[in-house]
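A short write-up of the structure that comes next.
In this text the structure is predicted, and so the values were computed from the model without any measurement.
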Amino acid sequence: MTQQNHEVPETDAFDPAASSLAGQVNESVMAELLSIRSSIDNIDATLVYLLAERFKATQKVGFLKAAHRLPAGDPGRETAQIARLRRLAEDAHLDPAFAEKFLNFIIGEVIRHHEAIAEDHQAAAEWK
(Lines give C-alpha, C1' and ligand atoms only; values in the text may rest on other atoms or scores of the structure.)
Protein backbone atom coordinates (compact mmCIF):
# COMPACT_ATOMS: atom_id res chain seq x y z
CA MET A 1 0.00 0.00 0.00
CA THR A 2 1.35 3.44 -0.84
CA GLN A 3 1.28 6.20 1.70
CA GLN A 4 -0.27 9.45 0.57
CA ASN A 5 1.06 12.84 1.53
CA HIS A 6 -1.78 14.84 3.10
CA GLU A 7 0.25 17.94 3.90
CA VAL A 8 -1.48 21.14 2.92
CA PRO A 9 0.77 23.42 0.87
CA GLU A 10 1.14 27.07 1.78
CA THR A 11 -1.61 29.22 0.22
CA ASP A 12 1.00 31.21 -1.70
CA ALA A 13 2.46 27.96 -3.06
CA PHE A 14 -0.85 26.80 -4.57
CA ASP A 15 -0.49 25.97 -8.24
CA PRO A 16 -3.92 25.94 -9.91
CA ALA A 17 -2.40 24.17 -12.90
CA ALA A 18 -0.99 21.32 -10.81
CA SER A 19 -2.06 18.01 -12.27
CA SER A 20 -0.64 14.56 -12.71
CA LEU A 21 -2.35 14.62 -16.12
CA ALA A 22 -0.16 17.40 -17.52
CA GLY A 23 1.56 16.23 -20.68
CA GLN A 24 -0.67 13.15 -20.90
CA VAL A 25 -3.79 14.68 -22.44
CA ASN A 26 -4.58 16.93 -25.37
CA GLU A 27 -3.79 20.60 -24.65
CA SER A 28 -7.36 21.74 -25.34
CA VAL A 29 -8.73 19.10 -22.96
CA MET A 30 -6.22 20.19 -20.32
CA ALA A 31 -7.19 23.84 -20.82
CA GLU A 32 -10.88 23.02 -20.37
CA LEU A 33 -10.10 20.89 -17.32
CA LEU A 34 -8.09 23.72 -15.75
CA SER A 35 -10.88 26.19 -16.49
CA ILE A 36 -13.46 24.02 -14.74
CA ARG A 37 -11.07 23.39 -11.86
CA SER A 38 -10.59 27.15 -11.49
CA SER A 39 -14.32 27.44 -10.82
CA ILE A 40 -14.08 24.59 -8.32
CA ASP A 41 -11.18 26.35 -6.58
CA ASN A 42 -13.26 29.52 -6.28
CA ILE A 43 -16.18 27.57 -4.85
CA ASP A 44 -13.88 25.82 -2.35
CA ALA A 45 -12.52 29.17 -1.18
CA THR A 46 -16.06 30.48 -0.78
CA LEU A 47 -17.03 27.39 1.24
CA VAL A 48 -14.09 27.91 3.60
CA TYR A 49 -15.04 31.54 4.23
CA LEU A 50 -18.73 30.65 4.64
CA LEU A 51 -17.86 27.94 7.16
CA ALA A 52 -15.68 30.42 9.04
CA GLU A 53 -18.61 32.85 9.23
CA ARG A 54 -20.95 30.06 10.32
CA PHE A 55 -18.59 29.04 13.12
CA LYS A 56 -18.26 32.66 14.27
CA ALA A 57 -22.05 32.76 14.65
CA THR A 58 -22.22 29.39 16.41
CA GLN A 59 -19.46 30.53 18.76
CA LYS A 60 -21.73 33.39 19.84
CA VAL A 61 -24.47 30.83 20.45
CA GLY A 62 -22.00 28.80 22.51
CA PHE A 63 -21.16 31.79 24.73
CA LEU A 64 -24.86 32.58 25.20
CA LYS A 65 -25.61 28.96 26.09
CA ALA A 66 -22.69 28.82 28.52
CA ALA A 67 -23.72 32.06 30.22
CA HIS A 68 -27.21 30.67 30.79
CA ARG A 69 -26.13 27.10 31.50
CA LEU A 70 -28.00 25.73 28.48
CA PRO A 71 -27.04 22.37 26.97
CA ALA A 72 -24.50 22.34 24.15
CA GLY A 73 -26.83 20.44 21.83
CA ASP A 74 -30.41 21.13 20.86
CA PRO A 75 -31.82 17.91 19.36
CA GLY A 76 -35.08 19.56 18.26
CA ARG A 77 -33.22 22.27 16.38
CA GLU A 78 -30.79 19.74 14.91
CA THR A 79 -33.62 17.52 13.63
CA ALA A 80 -35.38 20.50 12.05
CA GLN A 81 -32.14 21.70 10.44
CA ILE A 82 -31.38 18.27 9.00
CA ALA A 83 -34.88 18.00 7.51
CA ARG A 84 -34.56 21.53 6.10
CA LEU A 85 -31.14 20.84 4.60
CA ARG A 86 -32.37 17.58 3.04
CA ARG A 87 -35.21 19.50 1.34
CA LEU A 88 -32.78 22.16 0.13
CA ALA A 89 -30.45 19.46 -1.18
CA GLU A 90 -33.28 17.80 -3.08
CA ASP A 91 -34.26 21.14 -4.62
CA ALA A 92 -30.63 21.72 -5.60
CA HIS A 93 -30.26 18.19 -7.04
CA LEU A 94 -27.69 17.30 -4.40
CA ASP A 95 -27.77 13.93 -2.68
CA PRO A 96 -29.78 14.55 0.54
CA ALA A 97 -27.87 11.80 2.34
CA PHE A 98 -24.61 13.59 1.58
CA ALA A 99 -26.08 16.90 2.76
CA GLU A 100 -27.21 15.24 5.99
CA LYS A 101 -23.78 13.70 6.62
CA PHE A 102 -22.16 17.08 5.98
CA LEU A 103 -24.51 18.87 8.38
CA ASN A 104 -24.10 16.14 11.01
CA PHE A 105 -20.34 16.65 10.83
CA ILE A 106 -20.77 20.41 11.29
CA ILE A 107 -23.26 19.92 14.15
CA GLY A 108 -20.80 17.58 15.86
CA GLU A 109 -18.07 20.20 15.63
CA VAL A 110 -20.39 22.94 16.89
CA ILE A 111 -21.42 20.85 19.89
CA ARG A 112 -17.78 20.07 20.64
CA HIS A 113 -17.02 23.82 20.53
CA HIS A 114 -20.04 24.61 22.74
CA GLU A 115 -18.92 22.03 25.30
CA ALA A 116 -15.42 23.56 25.37
CA ILE A 117 -16.86 27.05 25.77
CA ALA A 118 -19.09 25.81 28.62
CA GLU A 119 -16.12 24.17 30.34
CA ASP A 120 -14.07 27.36 30.04
CA HIS A 121 -17.01 29.42 31.31
CA GLN A 122 -17.49 27.08 34.28
CA ALA A 123 -13.77 27.12 35.10
CA ALA A 124 -13.76 30.94 34.98
CA ALA A 125 -16.80 31.07 37.26
CA GLU A 126 -15.14 28.74 39.77
CA TRP A 127 -11.95 30.81 39.71
CA LYS A 128 -13.80 33.91 40.91
Q: Measure from the side-chain N and O atoms of S38 to the backbone N and O of L34, and report whether any donor-acceptor pair falls under 3.5 Å.
A: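 Looks like no, no N/O pair under 3.5 Å.
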Q: Taking T46 for its side chain and N42 for its backbone only, find out whether a donor-acceptor pair lies under 3.5 Å.
A: yes
Closest heavy-atom pair and its distance - [X], [Y]:
X	Y	result
P16	D41	CB-OD2, 4.1 Å
A66	H121	O-CD2, 3.3 Å
D95	A97	OD1-N, 3.0 Å
E90	P96	CG-CG, 3.4 Å

Q | V29 side chain near L21 side chain, heavy-atom distance below 4.5 Å | A | no
Q. Taking side chain as C-beta onward, heavy atoms only, is L33 less than 4.5 Å from V25?
A.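 The answer is no; the side chains never approach within 4.5 Å.
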Spacing of [X] atom [atom1] and [Y] atom [atom2] [to the nearest 0.5 Å]:
X	Y	atom1	atom2	result
E32	N26	CD	CG	10.5 Å
Q81	D74	CD	CG	10.0 Å
L64	T58	CG	OG1	12.5 Å
L94	F102	CG	CZ	10.0 Å
K65	H114	NZ	NE2	5.5 Å
I40	D44	CD1	CG	7.5 Å

Q: Tell me, with the steps shown, if V61 and V110 meet side-chain contact (heavy atoms from CB on, under 4.5 Å).
A: CA-CA 10 Å; V61 170; V110 168; over 6 Å; no
Q) Taking NZ, NE, NH1 and NH2 as the nitrogens, is one of them in E109 or R112 under 4.0 Å from a carboxylate oxygen of the other? A) yes
Q. Checking salt bridge (Lys or Arg N to Asp or Glu O under 4.0 Å) for the pair E53/K56: CA distance, chi angles, key distance, verdict?
A. CA-CA 5 Å; E53 288 302 310; K56 286 177 190 174; 3.0 Å; yes
Q) Within a radius of less than 6.0 Å around CD of Q24, do more than 12 heavy atoms belonging to other residues, nucleotides or ligands occur? A)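 More than 12 heavy atoms, drawn from other residues, nucleotides or ligands, come within 6.0 Å of this atom.
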Q | Identified side chain to side chain contact (heavy atoms under 4.5 Å, CB included) counterpart of E78 within the set L103, I111, N104 | A | I111
Q: Test side-chain contact (heavy atoms from CB on, under 4.5 Å) on E100 and L85 and set out the steps.
A: CA-CA 7 Å; E100 183 173 346; L85 197 68; over 6 Å; no
